[in-house]
Amino acid sequence: MTQVSTGGIDAVDRPRHAPSTLIAALLGFFTITLDAVVVNVALPTIRDDLGGGVSGLQWVVDGYTMMFAALMLTAGSLSDRLGAKRAFGGGMAVFVLASVACGLAPTLGVLVAARFLQGAAAAAMMPASMALIRQTYPEPLQRARAVGIWAMGGAVASSSGPVLGGVLSMLDWRLIFFINVPVGVIALLLLTRTDDSATRRAPFDPVGQLTGVSAMGGLTYGAIEAGSRGFTDPTVVVALVVAAVSLIAFIGSQHMAAHPMLPLDLFRSRTVTVVTATGFAFMVGYFGLPFVVSLFLQQHRGLDAVHTGVVFLPMMLVGLVLTPFSARIAEHFGRRTVIATGLALMAAGLTAVGL
């Protein structure tokens, strides 16, 4: 058995091109996260160029994240059926093409449609990138280190996204999407050096996926359009009714399905429930804030896109610095203490911003 050191990870009985696989997966996570945050500071510029109100700009952001969230669980089955390498490569190729469509979009409607496609591709890439790491680093310690390096892709993207988006939008907002092209091409080239992935006939829950997308889509549409039309508007009412009926159908299907997409027994665990609620609160605060504050700073405080991005830099840099040490901090102080303290600090920060 031979042992060498590459990038801080001991190479023990792992594929020769493991670093290429890890970098490809990292670049995938980087692009997924970047496109969730980079667009916020460019929204006023996009509206000046393509028109549309606040609801249209919300769809530019939420169209991506909605499809990403709605298709995530099914994407895991897709990765198993096609193999992680093919699923990741296909997702990245579609993501690059969708990014080009975003950059060339002549209207806001085309941009939103392309963002939907980006979100679907991102959903295919995420579980496949994790599966690539699992197959490349079978030994637990190696895998843990590799996952830590992979996570830095998201941390770097979230910290650099607002400033990068501001700088690029000052030149041309379309560049925030074209930047995905070279990153995606590099990832695909590295992927060609990766070993083929095993496949298996993973179960698929079509009813759960359909009702899940309908529930998320109806709720998102109703919430966005209610801001401009009001909650009594017929289309908003219909959307919220569709969301409610779809949610009930989704829960019922998960009870009856032989292989449910989301086993409801999981929520009997208090840990799962707390983690889900914590994740929801974090996502609302961390990713919801940039949308509102970006528009406020540029429309009511006269800041340009670059300075708006700089405003978010402290928040993002703190996440970048602390992410590599989060596991050790939790081990030292206890997970409950870290989670409670983090949520309390987030609530205090959001309150201060609101005031």
Side-chain angles (χ1 to χ4, degrees), residues 7-10 22 25-26 28-30 32-34 36-38 40 61 65 68-69 72-73 76 122-123 126-127 129-131 133-134 137 139-163 216 262-294 309-355:
I9 298 179
D10 294 331
L22 178 57
L26 181 150
F29 193 25
F30 174 85
I32 291 170
T33 307
L34 182 69
V37 298
V38 72
N40 285 290
V61 177
T65 53
F68 178 61
M72 178 68 75
L73 293 176
M126 181 65 103
S129 68
M130 289 295 294
I133 292 175
R134 186 175 62 249
Y137 297 93
E139 197 276 322
L141 180 58
Q142 294 178 356
R143 189 186 310 131
R145 294 176 180 175
V147 169
I149 295 173
W150 171 84
M152 289 302 295
V156 171
S158 64
S159 61
S160 64
V163 176
M216 282 185 146
L262 181 63
L264 298 180
D265 289 344
L266 289 174
F267 293 97
R268 293 179 180 177
S269 168
R270 183 181 178 184
T271 300
V272 172
T273 303
V274 170
V275 169
T276 301
T278 301
F280 176 81
F282 170 77
M283 290 298 176
V284 170
Y286 195 77
F287 289 106
L289 180 68
F291 176 85
V292 177
V293 176
S294 293
V310 172
V311 168
F312 294 105
L313 196 57
M315 180 179 77
M316 302 302 183
L317 284 178
V318 169
L320 175 64
V321 171
L322 292 182
T323 293
F325 306 103
S326 58
R328 294 183 181 181
I329 294 173
E331 290 176 1
H332 182 75
F333 293 100
R335 291 176 176 83
R336 292 183 181 181
T337 301
V338 172
I339 291 174
T341 302
L343 290 176
L345 290 174
M346 176 173 282
L350 290 173
T351 301
V353 172
L355 296 176

Exercise. CZ of F68 to CE of M126: how many Å apart, nearest 0.5 Å?
Worked result: 4.0 Å
Exercise. Got T341 and F333 here, is their nearest side-chain heavy-atom distance under 4.5 Å?
Worked result: no
Problem set entry | Value rounded to 0.5 Å, distance of OG1 in T351 from CE in M346 | 11.5 Å
For this session: Specify the closest pair of heavy atoms between F30 and S160, including all atoms of both residues, with the distance to one decimal.
Result: CE1-OG, 4.5 Å
Seminar exercise, completed: Value for OG1 (T65) from CE (M216), rounded to nearest 0.5 Å, stands at 9.0 Å
Exercise. Would L22 and Y137 satisfy side-chain contact (heavy atoms from CB on, under 4.5 Å), going step by step from the backbone distance to the final call?
Worked result: CA-CA 9 Å; L22 178 57; Y137 297 93; 3.8 Å; yes
Exercise. Taking T33 for the side chain and A157 for the main chain, is one N or O donor matched with an acceptor at less than 3.5 Å?
Worked result: no
Exercise. Can you tell me how far the CG atom of L343 sits from the CG atom of L350, to the nearest 0.5 Å?
Worked result: 10.5 Å
Exercise. Between W150 and M130, is any pair of side-chain heavy atoms under 4.5 Å apart?
Worked result: yes
Problem set entry | Side chain to side chain, F267 and T276, heavy atoms closer than 4.5 Å | yes
Seminar exercise, completed: d(L26 CG, S129 OG) to nearest 0.5 Å is 9.5 Å
